[in-house]
Colleague: 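Sharing a structure, written as structure tokens. Questions coming.
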Amino acid sequence: MPVATKTFFFSDVHLGSPNHAASLAREKRLVAWLDSIQAEAKEIYIVGDLFDFWFEYRHSVPKGYTRILGKLAELVDNGIKVHFFTGNHDLWMFGYFEKELGIKVYKEPQILDLNGKLLYVGHGDGLGPGDHGYKIIKKIFSNKVAQFVYRLLHPDVGISIANFWSKTSRNANPKELEHFLGEDREWLLIYAKEKLKTQHFDYFVFGHRHLPLDIQLNENSRYINLGDWISYCSYAEFDGHQLQLKYYQAV
């Protein structure tokens, strides 16, 4: 058996959107990719928005997603470390993934040292200039009192409201965001450049943008956006020496 040495990153699968059939096909494709990398994966980082909506009630979680949850449990049981960064669509995680799946969950960006390479990793929502409306909303959604009040809603009601909000939020995004905006307007790229003024990182790894990007920031630092699994099936692979943006094509 080959020694598992690689680390993988992916984000923005948005399971549950836009309907059950499309979500199920995407879920099966993601599981097939995880099958294909399982033998060589040492660690896997899910960098936010695996789900289009996720809220953990005290005694219930959203229905569905049995294939991906089962696959993640299998990976962990086989000794592969799996990490989860919450995104703006699956912000409300309160222990289910840690307890049931053995997956460590992060709610803020993290600094990783992989074989001597420094990575700054996070979903990316709320970082960089602009988007002040969302930053206010995120503070409200992260407030424990607001979360307690929301949990008082019956899951059928709470999930229906959240699914409506999620769809409305997505439809509100302008079409121009589907394309590269230029280095002076890409807010996560601007954020990475500002961070480099205070500390060196070999790689910045973000999701949220839904656009695969690999940009050289300076001679020793790169910005990588992981894209998504709706249009691109893109991910990043670290082989112990360098991080590369790749695309999955089912056999």
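What you see below is based on every heavy atom in this structure, not just the backbone, and it leaves out hydrogens, waters and symmetry mates.
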Colleague: Kindly say whether Ser231 contributes a backbone atom to a donor-acceptor pair with the side chain of Asp228 at under 3.5 angstrom?
Modeller: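 Between the backbone of Ser231 and the side chain of Asp228 there is a qualifying donor-acceptor contact (under 3.5 Å).
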
Colleague: State whether the side chain of Glu186 and the backbone N or O of Leu181 hold a donor-acceptor pair below 3.5 Å, judged by distance alone.
Modeller: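 Yes: the side chain of Glu186 pairs with the backbone of Leu181.
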
Colleague: State whether the side chain of Trp229 and the backbone N or O of Leu30 hold a donor-acceptor pair below 3.5 Å, judged by distance alone.
Modeller: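 It does not hold such a pair.
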
Colleague: Would you check if the side chain of Gln216 reaches a backbone N or O of Asn218 as a donor-acceptor pair within less than 3.5 Å?
Modeller: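 Yes, Gln216 side chain to Asn218 backbone: donor-acceptor pair under 3.5 Å.
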
Colleague: Of all the heavy-atom pairs spanning Val47 and Gly122, show the shortest one and how long it is.
Modeller: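 Shortest heavy-atom separation between Val47 and Gly122 comes out as CG1-O, 3.3 Å.
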
Colleague: Membership question, hydrophobic clusters at under 4.5 Å side-chain separation (ILVMFWY): are Leu188 and Ile190 in the same one?
Modeller: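 Different clusters: Ile190 never reaches Leu188 through Ile, Leu, Val, Met, Phe, Trp or Tyr contacts under 4.5 Å.
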
Colleague: Of all residues at least two apart in sequence or in a different chain, which pass the ring-ring contact (aromatic ring centres under 6.0 Å, His included) check with Phe238?
Modeller: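 ring-ring contact (aromatic ring centres under 6.0 Å, His included) check on Phe238 returns nothing, list empty.
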
Colleague: Does Leu24 share a hydrophobic cluster with Leu15, counting links as ILVMFWY side-chain heavy atoms below 4.5 Å and allowing steps through other members?
Modeller: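 No, Leu24 does not connect to Leu15 through the hydrophobic network.
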
Colleague: Is the shortest distance from a Lys or Arg side-chain nitrogen in Lys6 or Glu43 to a carboxylate oxygen in the other one below 4.0 Å?
Modeller: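 Looking at Glu43 together with Lys6, the answer is no, because their closest N to O distance does not fall below 4.0 Å.
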
Colleague: Ala41 and Ala4: which non-hydrogen atoms are nearest, and at how many Å?
Modeller: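 Residues Ala41 and Ala4, closest heavy atoms: O-CB, 3.4 Å.
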
Colleague: As a test of understanding, state which of Asn225, Asn88, Asp125 forms a side chain to side chain donor-acceptor pair (under 3.5 Å) with His208.
Modeller: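 In the set Asn225, Asn88, Asp125, the residue that makes a side chain to side chain donor-acceptor pair (under 3.5 Å) with His208 is Asn88.
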
Colleague: Any sub-3.5 Å donor-acceptor pair from Tyr203's side-chain atoms to Leu243's backbone N or O?
Modeller: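 Side chain of Tyr203 to backbone of Leu243, a donor-acceptor pair under 3.5 Å: yes, one is there.
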
Colleague: May I ask you to check whether Trp54 and Phe97 place their ring centres under 6.0 Å from each other?
Modeller: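 Distance test on ring centres: under 6.0 Å, yes.
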
Colleague: Please answer whether the main-chain N or O of Leu119 pairs with a side-chain N or O of Asp202 as donor and acceptor at a distance below 3.5 Å.
Modeller: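 Not confirmed, Asp202 side chain does not pair with Leu119 backbone.
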
Colleague: Check for a donor-acceptor pair, side chain of Ser23 on one end and backbone N or O of His20 on the other, with a separation under 3.5 Å.
Modeller: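 No, the answer is negative, given that no donor and acceptor are paired below the 3.5 Å cut-off.
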
Colleague: Hey, are the side chains of Val82 and Ile46 touching, using non-hydrogen atoms and a 4.5 Å cut-off?
Modeller: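 A side-chain contact exists here, since the closest heavy-atom pair is under 4.5 Å.
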
Colleague: Between NZ of Lys117 and CG of Leu112, what distance do you get to the nearest 0.5 Å?
Modeller: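 Separation between the atoms: 14.5 Å.
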
Colleague: By side-chain hydrogen bond (donor to acceptor under 3.5 Å, both in side chains), which residues pair with Asp12, not counting sequence neighbours?
Modeller: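 Applying side-chain hydrogen bond (donor to acceptor under 3.5 Å, both in side chains) to Asp12 gives His14, His210.
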
Colleague: Restricting to non-hydrogen atoms, name the atom on Thr5 and the atom on Lys42 that form the minimum distance, rounded to 0.1 Å.
Modeller: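 Of all heavy-atom pairs spanning Thr5 and Lys42, the closest is C-CB, 4.0 Å.
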
Colleague: Do you know the tightest heavy-atom contact between Val13 and Leu50?
Modeller: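 Closest approach of Val13 to Leu50: CB-O, 3.7 Å.
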
Colleague: Ignoring hydrogens and angles, tell me if any N or O in the side chain of Glu98 forms a donor-acceptor pair with the backbone of Lys104 under 3.5 Å.
Modeller: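 No; zero donor-acceptor contacts below 3.5 Å.
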
Colleague: Have His241 and Asn115 got a donor and an acceptor in their side chains that come within less than 3.5 Å?
Modeller: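 No, no side-chain donor-acceptor pair sits under 3.5 Å.
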
Colleague: Do other residues, nucleotides or ligands put more than 12 heavy atoms under 6.0 Å from the NE2 atom of His200?
Modeller: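 More than 12 within 6.0 Å, yes.
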
Colleague: Kindly say whether the aromatic ring centers of Phe94 and Phe55 come within a distance under 6.0 Å.
Modeller: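 For Phe94 and Phe55, the ring centres are under 6.0 Å apart.
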
Colleague: Would you sort out whether Cys233 and Tyr247 count as a side-chain contact (heavy atoms from CB on, under 4.5 Å), showing the intermediate values?
Modeller: CA-CA 6 Å; Cys233 295; Tyr247 301 84; 5.8 Å; no

Colleague: Is the NZ atom of Lys193 crowded by more than 12 outside heavy atoms at less than 6.0 Å?
Modeller: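 Counting other residues, nucleotides and ligands, NZ of Lys193 exceeds 12 neighbours.
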
Colleague: I'd like to know whether the aromatic ring centres of Tyr45 and His83 sit less than 6.0 Å apart in this structure.
Modeller: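 Here the rings of His83 and Tyr45 have centres that are less than 6.0 Å from each other.
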
Colleague: Just say parallel, tilted or perpendicular for the rings of Tyr235 and Phe8, cut-offs at 30° and 60°.
Modeller: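 Answer is tilted, since the angle falls between 30° and 60°.
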
Colleague: Is a side-chain N or O of Arg209 found less than 3.5 angstrom from the main chain of Leu226, in a donor-acceptor match?
Modeller: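 Absent.
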
Colleague: Any Lys/Arg nitrogen of Arg222 or Asp214 sitting under 4.0 Å from an Asp/Glu carboxylate oxygen of the other?
Modeller: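 Result for this pair is yes, salt bridge flagged.
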
Colleague: With respect to His123, which candidate in Asp49, Asp90, Thr86 satisfies the side chain to side chain donor-acceptor pair (under 3.5 Å) definition?
Modeller: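 In the set Asp49, Asp90, Thr86, the residue that makes a side chain to side chain donor-acceptor pair (under 3.5 Å) with His123 is Asp49.
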
Colleague: Between Gln110 and Glu108, is there a donor-acceptor pair closer than 3.5 Å when you use the side chain of the first and the backbone of the second?
Modeller: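 Such a contact is found between Gln110 side chain and Glu108 backbone.
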
Colleague: Evaluate the ring planes of Tyr65 and Phe51, with Trp represented by its six-membered ring, and classify them as parallel (under 30°), tilted (30 to 60°) or perpendicular (over 60°).
Modeller: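 Because their plane-to-plane angle lies in the 30° to 60° range, the rings of Tyr65 and Phe51 count as tilted.
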
Colleague: Would you please name every residue forming a side-chain hydrogen bond (donor to acceptor under 3.5 Å, both in side chains) with Gln38, sequence neighbours left out?
Modeller: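 side-chain hydrogen bond (donor to acceptor under 3.5 Å, both in side chains) list for Gln38, sorted by chain: Lys71, Glu74.
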
Colleague: Do the two ring centres, one from Tyr120 and one from Phe201, sit under 6.0 Å apart?
Modeller: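 Yes; Phe201 has its ring centre under 6.0 Å from that of Tyr120.
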
